[in-house]
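The structure appears below as structure tokens.
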There are 2 protein chains.
Amino acid sequence: MVESSRITARGGTRADARRNRERVLVAARAVFAERGIDAPMATVARRAGVGVATLYRHFPTRDALVRGAYAQQMRTCTRALTDALAAPDPWQGFRHLVETVCALQLEERGFPAAFVAAFPDRTAEYTRARDRAERDFATLVRRAQESGALRTDFHPSDIAVVLLAHCGLATALPGDGAASRRLVAYLLQSFRADAANEPLPAPAALSLRSLPITADGPQGRPSRSSRH
Amino acid sequence: MVESSRITARGGTRADARRNRERVLVAARAVFAERGIDAPMATVARRAGVGVATLYRHFPTRDALVRGAYAQQMRTCTRALTDALAAPDPWQGFRHLVETVCALQLEERGFPAAFVAAFPDRTAEYTRARDRAERDFATLVRRAQESGALRTDFHPSDIAVVLLAHCGLATALPGDGAASRRLVAYLLQSFRADAANEPLPAPAALSLRSLPITADGPQGRPSRSSRH
DNA sequence: TGCCAAGTGGACGCAATCGTCCGATTCGAC
DNA sequence: GTCGAATCGGACGATTGCGTCCACTTGGCA
């Protein structure tokens, strides 16, 4: 995984190309934050100070751009999962993981949509990473349940429910930390074993990979017409 | 306000016009369910078997069409609130209200977006209805808290958090009853007074009317490019 | 049955966005 | 400093959706 390109001495790509790529990513995050993940590609290019063709050369599709823009955040998520597994108290690890991912969804507007959009991604690398994340998370859940803190009827697929719900909230109220924290706190409390006073309905049993997001995905903004 | 048209005896409008209006509403629900609330107006018109101009005459803006399409569901919501207030056990009323609205959000795809989009509506009628709903709901909350079933730190604005989160879930997983029920069950359990084992963060204190939805609203679908 | 306004439908002009093509420019090795 | 190649950026044609205009049809009262 070291030999991706070896033309120009070190780094592989030309210096200006690399610089432009970075500029595009910064601009993409800014534009996505302001106008949503559907913002015109040309807007991103203009903000980055590059031409449209340059943008398309670096990122042939919108998905590629989105993935590139939030790669850092995605890495943070997987690291949070690793940390959670390493934590001495599995419940604290679990709790911290949920809070971290939700905070991430909140702070970088546009990331929530990118996050759920990445689930069904077919890229080999992503498939592997996702499968591993699923396995790790299931392990974390089992440990937290064995420690007696997490209710035993919590199902690993519940995390998808939580993330999708929080994604909806974060998208509707961008940057509203109070609402986000409130929702997360309610949910975490109901996940505690000592809060389980009633049986739950059957788990949704979603596989992260089977989310039908890309099929038609979250529907667009309620409206914005009245331009007359 | 009676003499908008007085040519045709009873009803005010001509029979075929009324029939077309109904056909448009049915088509709108169908199309919104399939392609989201942003579906082209022309598609709705075609499905209804009418021309675009006819559609625009009945519903000058997309918002008007959306409002018309889900007026019935909105009425169901307000009735559910009335019923909840009338219920002998305020907690059961509260619980039933939440479940009803969420079930409604789930069954009629496109309704969730319409529902949250309607919050900041400036129509006089809607403003009045919304204010009344807010007052009634606050009353319901107070009663449920006094009965000892609802935790005392539940804030009326939490309902907005719940509905937005559930809306996100319902939009991402249209028709997935299992996920919806699961989320609602978790949340309802955490609202019980006997589940309150930790203090909550501060409430989001949203007013339904101040939701910044229309400003830029829920961001579009994660992507769908790759048309090449 | 005949009249006329309300109602209807499709075509049209406008605007936004997409993704590609091509000439000009810049990089960096020699 | 020079040259070849990679890169750049704007323009372009195509597609899609919006909302209006206008000529035709239809409903229902006289």
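Reckoned from all heavy atoms, side chains included, excluding hydrogens, waters and symmetry mates. Predicted model only: the values in this text are computed from it and were never measured. Order of the sequence lines fixes the chain letters, A, B, ..., with proteins taken first and strands second; residue numbering starts at 1 for each chain.
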Counting only heavy atoms and a strict 4.0 angstrom limit, can you tell me which residues of residues 42-58 of chain B come near DNA chain D? B:A53, B:Y56

Of all of residues 19-27 of chain A, which get a heavy atom below 4.0 angstrom from DNA chain D, listed by number?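 Those residues are A:N20.
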
Donor-acceptor pairs are to be reported for all side-chain atoms of residues 19-32 of chain B against protein atoms at under 3.5 Å, with residues two or more places apart or in another chain.
| from | atom 1 | to | atom 2 | distance (Å) |
| --- | --- | --- | --- | --- |
| B:R23 | NH1 | B:A48 | O | 3.3 |
| B:R29 | NH1 | B:A69 | O | 2.7 |

Distance, rounded to the nearest Å, where [X] contributes [atom1] and [N] contributes [atom2]:
| X | N | atom1 | atom2 | answer |
| --- | --- | --- | --- | --- |
| A:D38 | C:dC18 | CG | C1' | 13 Å |
| B:R14 | C:dC4 | CZ | P | 15 Å |
| B:L65 | D:dG19 | CG | C1' | 14 Å |
| B:R18 | D:dG27 | CZ | P | 13 Å |
| A:M41 | C:dT17 | CE | P | 13 Å |

Going through the checks in order, is the side chain to side chain contact (heavy atoms under 4.5 Å, CB included) test met by A:F137 and A:L97? CA-CA 10 Å; A:F137 183 70; A:L97 173 64; 3.8 Å; yes

Should A:D136 and A:R132 count as an ion pair when the cut-off is N to O under 4.0 Å?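 Result for this pair is yes, salt bridge flagged.
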
Sequence neighbours excluded, every pair satisfying salt bridge (Lys or Arg N to Asp or Glu O under 4.0 Å) that has a member inside residues 159-171 of chain B: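 Those involving residues 159-171 of chain B do not exist here.
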
Which residues satisfy the ring-ring contact (aromatic ring centres under 6.0 Å, His included) test with A:F94, sequence neighbours excluded? A:W91, A:F154

Can you confirm if the aromatic rings of A:F115 and A:Y70 lie within a centre distance of less than 6.0 Å?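 Ring centroids of A:Y70 and A:F115 are no less than 6.0 Å from each other.
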
Between B:A39 and A:A17, which residue's closest nucleotide on DNA chain D lies nearer the 5′ terminus?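 Final value for this comparison: A:A17.
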
Atom pair CG (B:L106) and CG (B:L183), whose distance is rounded to the nearest 0.5 Å: 11.0 Å

Any side chain to side chain donor-acceptor pair (under 3.5 Å) pairs touching residues 44-54 of chain A, not counting sequence neighbours? A:E34-A:R47

